[in-house]
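Data first, discussion second: the structure below is written as structure tokens.
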Amino acid sequence: MKKKSKAPTTVVSLHFDDNRIARTLFGPEDCHLRSLEKLSGAEISARGNDLKISGDPLCTSVVEQTLGQLYKLLKKGYPVIGADIEYAVKIISRDRNANLEMLFADTIMIPTKRRPIIPRSPAQKTYLQAMKDHDIVLSIGPAGTGKTYLACAMAVSLLLKGQFKRIILARPAVEAGEKLGFLPGDMVEKVNPYLRPLYDALYDMLDVDRVEEMVESDIIEIAPIAFMRGRTLHNAFVIIDEAQNATSMQMKMCLTRLGVDSKMVVTGDVTQVDLPDGTRSGMLEAWRILKGVRGMAFHEFSEEDIVRHPLVSSIVKAYERDGQRRTNA
């Protein structure tokens, strides 16, 4: 019986001339290298600033490119964190000609935070550019792709630069039917559970005290979309979040609030519509009706762009497969 021949093994040696940057790249106790081994299937051994990478030619090439490009980014002052290893491997595995520096070049600098916010995928880079270039951006995609977070980061950055006077964040409060009078407390207390993700994003970018101060002075307004009716929003960066749960009338009302020197970003996950049966999603309808309108951008993320915990992408894909099985059953 003929034995199967083993796949050829390639060994690549790398040397990094800056000890401090090399240790940052390798991670505490070489944790970034161990993560890279799991992701690629290659074996990596470190001795000082020198590495040996062994495995099949494709795996070793991906690891070599990933480490080489991340090292160059670190030398130029770009922040590289543990999660970047996975994103870099994913990007380079899909496109061997990918340039991580071009991807990371779109940083959003927020003066109160030391770590700049950078796009973690090509789709995020395109999304940031769309927000820079257009006054209205509609963005759809699954949870964890950075739709809301990057919109908030852009809004905070431009506010602190003086390009806008206000940030307005709005969400449908579907579970309460936006009939909030029966709940105890003032308006903020009534809707707070539905708006909490927007606060979480802001707290990650600004000190808690500063967020509260801006909310009290109406520089930042966080409210359900029902409270936008009848207003015209001038000199404001407006974010309509979870817009898949806005009705057709609510979506039209929000889009027509845009005033002079303002920008609006509308985000939604059209796979998670919580509206009552028979009620059309305003986000889906706006996407269909307005596609092609000049001055607007339409951006779509996929599960490949999820940048949360690696399991989030697996969970989204599992639900999609189950939905397809049910549809075909």
Side-chain angles (χ1 to χ4, degrees), residues 69-70 72-73 76-81 83-84 86-88 90-92 94-111 113 115-164 167-169 198 201-202 204-205 233 235-241 243 254-255 258 260-270 283 286-287 290-308:
Q69 291 202 47
L70 290 177
K72 288 179 182 177
L73 284 168
K76 291 186 177 183
Y78 289 103
V80 174
I81 58 176
D84 293 327
E86 181 189 350
Y87 308 144
K90 188 187 293 186
I91 290 163
I92 291 172
R94 287 203 305 247
D95 179 6
R96 303 298 295 283
N97 297 315
N99 186 324
L100 296 182
E101 184 176 343
M102 287 183 66
L103 174 64
F104 281 39
D106 276 329
T107 59
I108 300 178
M109 297 300 296
I110 298 178
K113 290 288 184 180
R115 178 175 63 86
I117 295 168
I118 62 177
R120 303 289 176 184
S121 71
Q124 286 195 350
K125 178 181 173 71
T126 304
Y127 181 45
L128 287 175
Q129 195 61 49
M131 287 190 280
K132 291 175 183 177
D133 294 343
H134 298 83
D135 287 338
I136 297 182
V137 177
L138 271 64
S139 177
I140 61 173
T145 49
K147 302 182 301 295
T148 304
Y149 189 85
L150 287 177
C152 285
M154 181 69 78
V156 169
S157 176
L158 295 180
L159 177 79
L160 295 178
K161 288 177 182 176
Q163 294 187 31
F164 296 97
I167 296 174
I168 297 172
L169 307 169
L198 298 174
L202 290 172
D204 199 40
M205 299 165 198
L233 307 172
N235 213 324
F237 194 115
V238 185
I239 300 171
I240 310 297
D241 191 39
C254 288
L255 290 169
L258 195 69
V260 177
D261 296 325
S262 289
K263 190 181 289 287
M264 181 179 290
V265 179
V266 183
T267 69
D269 178 357
V270 294
M283 180 74 169
W287 192 275
L290 301 174
K291 200 76 180 283
V293 173
R294 293 181 64 181
M296 296 181 66
F298 297 78
H299 186 271
E300 189 167 358
F301 288 101
S302 72
E303 68 274 1
E304 296 295 330
D305 303 309
I306 292 173
V307 293
R308 287 184 186 166

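Computed from a predicted structure; not experimentally measured. Quick note: numbers below take in every heavy atom, side chains included, and nothing from hydrogens, waters or symmetry partners.
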For the pair R94 and K90, evaluate side-chain contact (heavy atoms from CB on, under 4.5 Å) and give the outcome as yes or no after the intermediate values.
CA-CA 6 Å; R94 287 203 305 247; K90 188 187 293 186; 3.6 Å; yes
How far does CE of M296 sit from CE of M264, to the nearest 0.5 angstrom?
9.5 Å
Value for CD1 (I239) from CG (L169), rounded to nearest 0.5 Å, stands at 5.0 Å
From CZ (F301) to CG (D269), nearest 0.5 Å
12.0 Å
Heavy atoms of A130 and V137 approach each other most closely as O-CG2, 3.5 Å
Is the shortest heavy-atom distance from the side chain of L255 to the side chain of I136 under 4.5 Å?
yes
Which heavy atom of W287 sits nearest to which heavy atom of H299, and what is that distance?
CH2-O, 3.4 Å
Quick one: does V156's side chain get under 4.5 Å of I108's, heavy atoms only?
no
Do F237 and L159 have side chains that approach each other closer than 4.5 Å (heavy atoms only, starting at C-beta)?
no
Side-chain ion pair, K72 and E101, N-O less than 4.0 Å
no
Nearest non-hydrogen partners of Y127 and K147, listed with the distance:
OH-O, 2.7 Å
Can you name the nearest heavy-atom pair linking M154 to K132, along with the distance?
CE-CG, 3.8 Å
Going from CD1 on I140 to CE on M283, what distance comes out if it is rounded to the nearest 0.5 angstrom?
6.0 Å
Correct closest heavy-atom pair for S262 and A236 would be OG-N, 3.0 Å
Could you pull out the closest heavy-atom pair between V266 and A243, with the gap in Å?
CG1-CB, 3.4 Å
Working to the nearest 0.5 Å, report the span between CG of L202 and OH of Y149.
10.0 Å
From L150 CG over to M131 CE, what is the distance, rounded to the nearest 0.5 angstrom?
5.5 Å
May I ask you to decide if S302's main-chain N or O and D305's side chain share a donor-acceptor pair within less than 3.5 Å?
yes
